[in-house]
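For reference, the structure I am asking about is given below.
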Amino acid sequence: MKALSGRLYERDPSVVAEKLLGKRLIRKLNKEILEGIVVETEAYYGLDDPASRARHGLKNYNRLMWSEPGRAFIYNVHNNWMFNIIAHEPNEVGGVLIRAIEPTKGIDLMKRNRKVENLHDLTNGPGKLTKALKIDKGFNGVFVTSEESQIFIADNKMKIEIGRSHRIGVKRDLPTDLRFFIEGNQFVSKAL
DNA sequence: CGCCAGATTGACT
DNA sequence: GTCAATCTGGCGG
């Protein structure tokens, strides 16, 4: 298992959001491995994106949106941690929100972390998966391109069909479809 | 400093 | 379907 390099994230957020589908998200927790397949993502941009954390310009709390592609950007919404990976072309701003994963390893521990038994309810939402994988603000800024980070993305040979839709839960969305998911997968947050 | 909104979730009128 | 919990940061709504 090898973390994918930062080059993957040096592209437009939409391209990265699509490329992350089917990849493995790996979380080392003490001696245990928690792992899942990325099945749903959303792309966020900079000042021109009314739903982006970067929309108000560079602030201390959102400065990671301007930083090196491949870093984690984590922040809180309604008491839930959102896990994003910074992704943009040089001198641009943007990131990708991981909205859902399909659990593959460490499922019992995920169930304990979430305090739920139902497999399909374990990681089918952005706040759910961070709780299952014990990801919080402490990981803000780490590089998911390094296995040392204890959170990283690895490749996966998988044939998938990709679906698109508007972003979920945002007040003001852009006219483009910026949510990507694996068609037919049972672990996406919402069937539309 | 107080109030409000938000890339959500879970419980329930 | 409706709605409140509860954290973080913006802004003076």
Side-chain angles (χ1 to χ4, degrees), chain A residues 9 12-21 25 36 38-67 69-88 92-103 110-142 144 151 153 162-182 185-192:
Chain A
Y9 310 102
D12 185 277
S14 292
V15 176
V16 178
E18 197 167 339
K19 282 183 172 293
L20 281 173
L21 292 176
L25 173 62
V38 178
V39 300
E40 180 181 349
T41 57
E42 281 177 357
Y44 287 85
Y45 290 82
L47 295 166
D48 300 330
D49 181 351
S52 174
R53 289 286 108 167
R55 67 186 178 279
H56 294 304
L58 182 61
K59 309 278 181 190
N60 193 48
Y61 85 104
N62 65 15
R63 65 188 164 76
L64 279 164
M65 289 289 282
W66 280 258
S67 74
R71 296 182 76 175
F73 172 44
I74 293 165
Y75 94 96
N76 189 286
V77 179
H78 292 271
N79 205 21
N80 298 286
W81 297 109
M82 302 292 114
F83 173 58
N84 304 257
I85 301 176
I86 299 306
H88 54 77
E92 295 291 332
V93 185
V96 174
L97 170 70
I98 310 297
R99 278 195 60 90
I101 64 173
E102 176 178 338
M110 289 191 206
K111 286 180 176 175
R112 289 200 297 278
N113 290 341
R114 284 267 295 124
K115 297 182 174 65
V116 300
E117 280 301 316
N118 184 351
L119 182 65
H120 284 86
D121 198 38
L122 214 46
T123 55
N124 61 336
K128 295 179 184 179
L129 73 90
T130 53
K131 196 169 181 187
L133 299 184
K134 275 205 187 306
I135 296 174
D136 61 18
K137 191 71 179 272
F139 291 94
N140 203 24
V142 304
V144 302
I151 302 176
I153 298 286
I162 294 171
R164 278 183 90 147
S165 82
H166 62 82
R167 292 179 293 189
I168 306 282
V170 303
K171 268 267 174 25
R172 289 174 301 163
D173 204 354
L174 289 168
T176 323
D177 280 346
L178 293 174
R179 171 178 176 252
F180 301 83
F181 55 93
I182 295 181
N185 187 280
Q186 298 303 299
F187 294 86
V188 301
S189 64
K190 280 180 189 174
L192 286 181

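These numbers were taken from a predicted model, which means no experiment stands behind them. Computation of the quantities below employed the complete heavy-atom set of this structure, encompassing side-chain atoms and omitting hydrogens, waters and symmetry-equivalent molecules. Letters go in sequence order (proteins before strands), and every chain restarts at 1.
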Under the side-chain hydrogen bond (donor to acceptor under 3.5 Å, both in side chains) test, residues paired with A:Glu18 that sit two or more places apart: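 For A:Glu18 there are no side-chain hydrogen bond (donor to acceptor under 3.5 Å, both in side chains) partners, ignoring immediate neighbours.
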Nearest-angstrom distance, C1' atom, C:dG1 to B:dA7: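 Roughly 23 Å separates the two C1' atoms.
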Pairs flagged by salt bridge (charged side-chain N to carboxylate O under 4.0 Å, His left out) wherever residues 71-83 of chain A is involved - sequence neighbours left out: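 The answer is A:Glu68-A:Arg71.
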Residue pair A:Phe83 / A:Ile101, side-chain heavy-atom distance below 4.5 Å: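 With C-beta onward as the side chain, the pair stays apart.
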CA sep, side-chain torsions, deciding dist, call: A:Val16, A:Ile85, side-chain contact (heavy atoms from CB on, under 4.5 Å): CA-CA 9 Å; A:Val16 178; A:Ile85 301 176; 5.9 Å; no
Salt bridge (charged side-chain N to carboxylate O under 4.0 Å, His left out): pairs with one or both residues in residues 38-53 of chain A, sequence neighbours excluded: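 Residue pairs passing salt bridge (charged side-chain N to carboxylate O under 4.0 Å, His left out), neighbours aside: A:Glu40-A:Arg99, A:Glu40-A:Arg179, A:Glu42-A:Arg99, A:Asp49-A:Arg167.
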With sequence neighbours excluded, residues passing side-chain hydrogen bond (donor to acceptor under 3.5 Å, both in side chains) with A:Asn113: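 If we apply the side-chain hydrogen bond (donor to acceptor under 3.5 Å, both in side chains) test to A:Asn113, skipping adjacent residues, there are no hits.
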DNA chain B contacts made by residues 40-50 of chain A, counting heavy atoms under 4.0 Å: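 Residues of residues 40-50 of chain A that come under 4.0 Å of DNA chain B are, in numerical order, A:Tyr44.
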Integer angstrom distance from the C1' of C:dG9 to that of C:dG13: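 So the two C1' atoms sit 16 Å from each other.
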Evaluation steps, side-chain contact (heavy atoms from CB on, under 4.5 Å), between A:Leu122 and A:Val116: CA-CA 7 Å; A:Leu122 214 46; A:Val116 300; 3.6 Å; yes
Sugar-phosphate or base contact per nucleotide [nucleotides 8-13 of chain C; S, B, -; heavy atom under 4.0 Å]: SSSS--
Residue pairs, two or more places apart or on separate chains, that pass side-chain hydrogen bond (donor to acceptor under 3.5 Å, both in side chains) and touch residues 132-142 of chain A: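 Those involving residues 132-142 of chain A do not exist here.
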Using a cut-off of under 3.5 Å, enumerate the N/O to N/O pairs linking the protein to nucleotides 8-12 of chain B.
| from | atom 1 | to | atom 2 | distance (Å) |
| --- | --- | --- | --- | --- |
| B:dT8 | OP1 | A:Arg99 | NH1 | 3.2 |
| B:dT8 | OP2 | A:Gly169 | O | 3.3 |
| B:dT8 | O2 | A:Asn80 | ND2 | 3.0 |
| B:dT9 | OP1 | A:Pro126 | N | 3.0 |
| B:dT9 | OP1 | A:Gly127 | N | 2.7 |
| B:dT9 | OP1 | A:Lys128 | N | 3.2 |
| B:dG10 | OP1 | A:Arg114 | NH1 | 2.6 |
| B:dG10 | OP1 | A:Arg114 | NH2 | 3.3 |

Minimum heavy-atom distance A:His88-A:Pro13, with the two atoms named: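 The answer is CA-CD, 4.4 Å.
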Side-chain (A:Ser52) to main-chain (A:Tyr44) donor-acceptor, under 3.5 angstrom: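 No, because the side chain of A:Ser52 does not come within donor-acceptor range (under 3.5 Å) of the backbone of A:Tyr44.
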Strand DNA chain B in bracket notation, Watson-Crick/G-U under 3.5 Å with | for pairs to another chain: ||||||.|||||.
For A:Tyr75, all residues meeting ring pair (Phe, Tyr, Trp, His ring centres under 6.0 Å), sequence neighbours excluded: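 Listed in chain order: A:Phe73.
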Ring pair (Phe, Tyr, Trp, His ring centres under 6.0 Å) against A:Phe180, all qualifying residues, sequence neighbours excluded: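 With sequence neighbours excluded, A:Phe180 shows a ring pair (Phe, Tyr, Trp, His ring centres under 6.0 Å) to no residue whatsoever.
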Pairwise side-chain hydrogen bond (donor to acceptor under 3.5 Å, both in side chains) hits with a residue in residues 121-131 of chain A, at least two apart: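 Residue pairs with at least one partner in residues 121-131 of chain A: A:Asp121-A:Lys128, A:Asn124-A:Lys128.
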OP1 or OP2 of B:dA7 under 4.0 Å from side-chain N/O of A:Arg167: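 Checking A:Arg167 against B:dA7: no side-chain N or O falls below 4.0 Å of OP1 or OP2.
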